[in-house]
Structures are given as C-alpha cells and as structure tokens.
Number of protein chains: 2
Amino acid sequence: MPTTSPTFQPLYLQIKTLVEAALERGEWRPGEAIPSEMLLATRFGVSQGTVRKAINALAAGNLVVRRQGKGTFVATHTEEKASNFRFLRIRRDGGEEVHPVSRLVDMRRAKAGIEIARVLDLKPGAPVIVLRRVLEYAGEPVLFDEITLPAPLFRGLSKAKLDAYRGSMYSYFETQLGVRMLRAQERLKAVPADRYAAALLEVEPGTPLLAVERVTFTYGERPVEHRRGLCVTRRHHYANDLG
Amino acid sequence: MPTTSPTFQPLYLQIKTLVEAALERGEWRPGEAIPSEMLLATRFGVSQGTVRKAINALAAGNLVVRRQGKGTFVATHTEEKASNFRFLRIRRDGGEEVHPVSRLVDMRRAKAGIEIARVLDLKPGAPVIVLRRVLEYAGEPVLFDEITLPAPLFRGLSKAKLDAYRGSMYSYFETQLGVRMLRAQERLKAVPADRYAAALLEVEPGTPLLAVERVTFTYGERPVEHRRGLCVTRRHHYANDLG
DNA sequence: CAGTGGTCTAGACCACATC
DNA sequence: ATGTGGTCTAGACCACTGG
C-alpha cells in the first residue's frame with residue numbers, strides 16, 4: 001500500500017531502491033539473471049505490476065537489461081556487443097566499425113592533486129593509481145587516455161594482469177575488482193597537442209586534439225574514475241545524439 | 001484487441017503512431033495541451049492504460065511533456081527553461097549559467113553542395129539558405145555557427161525578422177515557419193581556426209576550436225537543418241552525460 | 001511444454017492544479 | 001469540487017525462449 005506522507009514516494013520507487021541496494025550488495029553478479037517479476041513481487045509483498053515499474057526504471061538507467069522470454073539480467077561491461085559502445089563515443093568517419101585495441105603505456109602510483117581530489121571526492125594527497133594507455137583503431141593511434149583511480153578501491157590492479165586481460169578495461173574492473181561503472185559525465189574541449197601526446201599519437205605538436213574529460217560514477221553516485229582523453233580527429237570523430 | 005500477425009506491433013505503439021501523426025498534421029499547436037487520456041482512449045477505442053503507454057513513449061522521445069494535474073502538452077522550443085538547454089551543450093567552465101546572445105552575421109541564398117545535399121536528403125544544387133551567426137556568452141564571442149536550411153521549407157525567412165525576434169532560433173522556426181526540430185545528431189572534432197573564424201571569435205588563426213557538426217530532424221526522421229559550429233573552448237566546454 | 005517478460009484491461013484510489 | 005496525470009492491483013492473454 002502507498003505511504004501517504006508529506007515526503008511521498010511511490011511504492012515502485014521504494015521497490016526500485018530495494019532492488020538497487022541488492023544489486024549494490026552483490027546479491028546477483030553482473031551478467032546473472034535476477035529473480036523473476038513474480039518472485040520479487042511475493043518477496044516484497046506487492047503486485048507484479050509494481051515490480052515491473054521498478055525494474056523498468058532500473059532498466060532505463062542501464063542497471064539491468066530485460067530480455068523477453070529469458071529474464072532480467074544485471075548489466076555488465078563484459079558482453080556488451082563488441083565489448084564497447086556504452087561509453088566510447090569515438091567513431092571512424094567512414095562508418096565501418098573497427099574494434100579499437102588498447103595498449104597500456106604505463107601505470108604508476110601517485111597522490112591526488114587538488115583538482116582530481118575534488119572531482120573524485122578525495123582528500124588532496126590521497127593515494128591514486130594513474131594509468132596511461134593508447135587506443136588504436138586499425139593499428140592507428142587515435143586516443144591517448146590518462147586514467148586516475150582511487151587506490152584503495154582498485155587494490156590489486158597490476159599492469160601485468162591488465163595487459164594480459166582480454167576485454168575492455170571496465171570489464172576488467174567489474175569482474176576482477178568488483179567496481180562497476182554505471183554513469184559518466186564528459187566535458188569536451190579542443191586543445192593543442194603537447195610534445196608527449198604528439199609523439200604517442202604520431203602527430204605534430206600543436207595539432208588540435210579533442211580533449212575529453214570524464215568522471216565516472218558507481219552506485220550511489222560515487223565518483224570512482226577520472227579520465228582525460230586526447231583524441232586525433234583527422235579520420236575519427238566523437239558522436240553524440242541529442243534526443 | 002492486439003493484432004496477431006507475423007509483423008506484430010503492440011496496440012500502444014499503433015496508438016502512438018496515430019497521435020504522432022496528429023501532432024505532425026498540427027492538430028494541436030506547440031505549447032498547447034492535447035486531449036486527456038480518457039478522451040483519447042474513447043476516441044481510439046482502447047483503454048486508458050494503453051493510451052498512457054503510448055503517451056509515455058511520446059514523452060520519452062520529447063515530443064510531448066506531461067504535467068501532473070494539468071495535462072499533456074506539445075513540446076516546444078519557445079518556453080524551455082531559459083529558452084535553451086535541449087540542444088545547446090556549450091557551458092561556461094565555472095558553472096554560472098549565462099544566457100548566450102545570438103548575433104546574426106549574414107544570410108544568403110545558395111545551392112546545396114554535394115555533402116550538404118547528402119545529409120539533408122536534397123539534390124545537389126537544390127536551393128538552400130545559409131545563415132551565419134555568433135553566440136556570445138557575457139559579451140564574449142564563443143561559438144560561430146553556419147546554418148544551412150532547405151529553402152522551400154523555410155520560405156519567408158528574412159534576416160530582418162530573425163534579427164527582431166526575441167527568443168531562440170528554433171523557437172522562431174517553430175512559431176513563425178512551422179518547422180519543428182525534434183532530434184539531432186552531432187559529430188565533434190578539433191580543428192585549427194581559419195582566418196575568418198579567428199577574426200569573428202577574436203582568437204589567433206590556428207587556435208584549436210571545437211567543431212560541432214549537427215544534422216537536425218523533424219517528424220518522420222526528415223533532416224531539415226545542417227549546422228557547423230566552431231567553438232572557442234578557453235573558458236567554455238561541451239557537456240555530455242553518458243547514461 | 002513451462003517459464004519469462006510484454007501487453008491489455010477495468011477499476012479504485014492518490015497527488016496535483018485550478019476554479 | 002472537478003479534472004488531470006500518477007499509482008496500484010488482479011487477472012487474462014500474448015510473444016519469446018529453451019528444454
């Protein structure tokens with residue numbers, strides 16, 4: 001029954017919160033099916049229709065994926081078609097889809113600067129891990145990323161293991177470290193290539209590059225990654241749909 | 001009752017198509033309320049719940065806006081909060097929201113080149129209107145747009161009228177010319193400023209600029225605008241959310 | 001075949017806005 | 001008080017998947 005009160009929240013949103021909490025606590029793993037609507041309905045003591053609305057809301061936020069006839073599954077970065085597409089917006093100009101390959105440049109431990117600390121909600125000087133990598137499309141270096149992660153959350157990350165892993169970086173974080181990337185904010189600018197990026201991306205210093213700054217969030221809107229990408233847009237672009 | 005057939009389409013989607021057609025034919029004007037769910041249900045001979053699903057689908061595509069207790073309204077570019085925000089992703093770095101001001105540079109008639117013709121689904125050489133304008137944030141030129149429109153659809157467009165109009169360009173198109181912008185695709189690159197853009201944007205030639213190429217669609221996925229923007233990203237950025 | 005999500009209905013009631 | 005969209009329920013049936 002609905003809770004009538006000044007801070008009214010519909011029942012299906014309360015159910016949504018409960019299921020979301022179960023997801024966060026790992027009751028079902030990424031890729032696994034969650035219980036059927038009927039089971040959840042009896043578990044929470046509401047009708048199937050109410051559970052349906054709750055799950056639809058979760059599906060709208062890409063926390064779960066519905067598949068008719070099969071069930072509802074915890075979203076994962078592991079099996080997304082061609083292992084990409086939810087967060088990577090860089091495309092070839094022509095249209096032919098090419099799977100980029102990631103090449104890890106280096107990895108080191110560092111302390112959070114004041115800006116990184118602010119966006120990751122850390123104390124300045126907190127330990128972080130900094131990864132650098134290059135994405136190559138058809139052998140051509142296109143994107144240079146510098147990725148900053150809070151060290152405690154990503155304990156156990158090693159260059160060797162990441163190098164050996166087949167699959168996307170977010171897939172690795174999810175399956176090996178238990179950190180799930182759910183949502184991200186990006187800010188784009190145009191900047192000239194510095195000497196270091198120019199060398200890695202095989203362009204002249206000063207070449208205009210697309211700078212993509214990303215903050216990625218996990219459950220509870222907690223920021224867990226900062227990423228700065230520099231992209232050569234000679235034969236590639238950043239695609240965006242405005243609905 | 002549902003139509004059982006090999007090309008099955010649920011009833012609510014059929015209703016959605018009917019309402020969409022009514023919107024396109026202008027049965028209700030932008031900003032106006034459409035009939036209540038009950039009225040539409042009797043009109044189409046289905047239950048209120050089915051109409052609800054149809055309208056929810058339209059609302060998800062931003063064709064209509066639902067307002068509890070008031071009704072469902074045809075989406076409009078005229079009253080969107082602060083007259084912007086659905087398509088303009090350029091923001092000040094700081095965060096203080098500043099309303100940009102549009103300054104029309106020139107307007108001329110031309111013939112579609114091969115590329116423009118392709119994206120606007122016209123024949124090469126078809127008549128188009130080309131607008132150029134600068135967007136200023138707090139008096140500072142930030143974005144230079146070159147906007148190409150199919151001439152027949154935008155008959156009656158004049159520089160004087162556009163100059164005099166208070167409100168966004170899409171609001172003008174919608175209220176004065178009956179062309180509604182519903183959806184857009186954007187492609188972003190980083191490019192060096194040419195001399196002309198550099199002068200208008202008050203930067204040095206060669207300065208990296210964010211190039212935003214947009215194709216905008218109206219009902220039926222028909223492209224009706226091509227736009228190329230060049231943006232100074234010294235104190236501004238392009239904001240994007242990845243869900 | 002049984003089980004899943006998806007659709008459709010009818011009715012009751014709630015929250016919000018307006019008069 | 002009335003009318004709007006929003007929630008909740010219960011039940012029936014449909015479409016899809018897999019054994």
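Every chain is numbered from 1, with letters handed out A, B, ... down the list of sequences.
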Expressed in angstrom and rounded to an integer, what is the separation of [X] atom [atom1] from [N] atom [atom2]?
X: A:L40; N: D:dC8; atom1: CG; atom2: C1'; value: 17 Å
X: B:R67; N: C:dA17; atom1: CZ; atom2: P; value: 11 Å
X: B:K16; N: C:dC8; atom1: NZ; atom2: P; value: 14 Å
X: B:L11; N: D:dA15; atom1: CG; atom2: P; value: 13 Å
X: A:Q48; N: C:dT9; atom1: CD; atom2: C1'; value: 14 Å
X: B:E37; N: C:dA12; atom1: CD; atom2: C1'; value: 15 Å
X: B:M38; N: D:dG6; atom1: CE; atom2: P; value: 15 Å
X: B:L39; N: D:dG3; atom1: CG; atom2: P; value: 11 Å

Any salt bridge linking [X] with [Y]? Criterion: basic side-chain nitrogen under 4.0 Å from a carboxylate oxygen.
X: A:E225; Y: A:R180; value: no
X: A:E213; Y: A:R227; value: no
X: B:R89; Y: B:E186; value: no
X: B:E221; Y: B:R183; value: yes
X: A:D145; Y: A:R214; value: no

By nearest atom, which of the nucleotides [options] is closest to the [X] side chain?
X: A:Q68; options: C:dC8, D:dC16, D:dG5; answer: D:dC16
X: A:P10; options: C:dG6, C:dT9, D:dC8; answer: D:dC8
X: A:T50; options: D:dC8, C:dC8, C:dC16; answer: D:dC8
X: B:S36; options: C:dT9, D:dG5, D:dT9; answer: D:dG5
X: A:V46; options: C:dT9, D:dT9, C:dT7; answer: D:dT9
X: B:Y12; options: D:dC8, C:dT7, C:dG5; answer: C:dT7

Side-chain N or O of [X] less than 4.0 angstrom from OP1 or OP2 on [N]?
X: B:K70; N: C:dT18; answer: yes
X: B:K53; N: C:dT7; answer: yes
X: A:R66; N: C:dG6; answer: yes
X: A:T72; N: C:dG5; answer: yes

Problem - Base of D:dG6 paired with side chain of B:R52 (donor-acceptor, under 3.5 Å) - result: yes

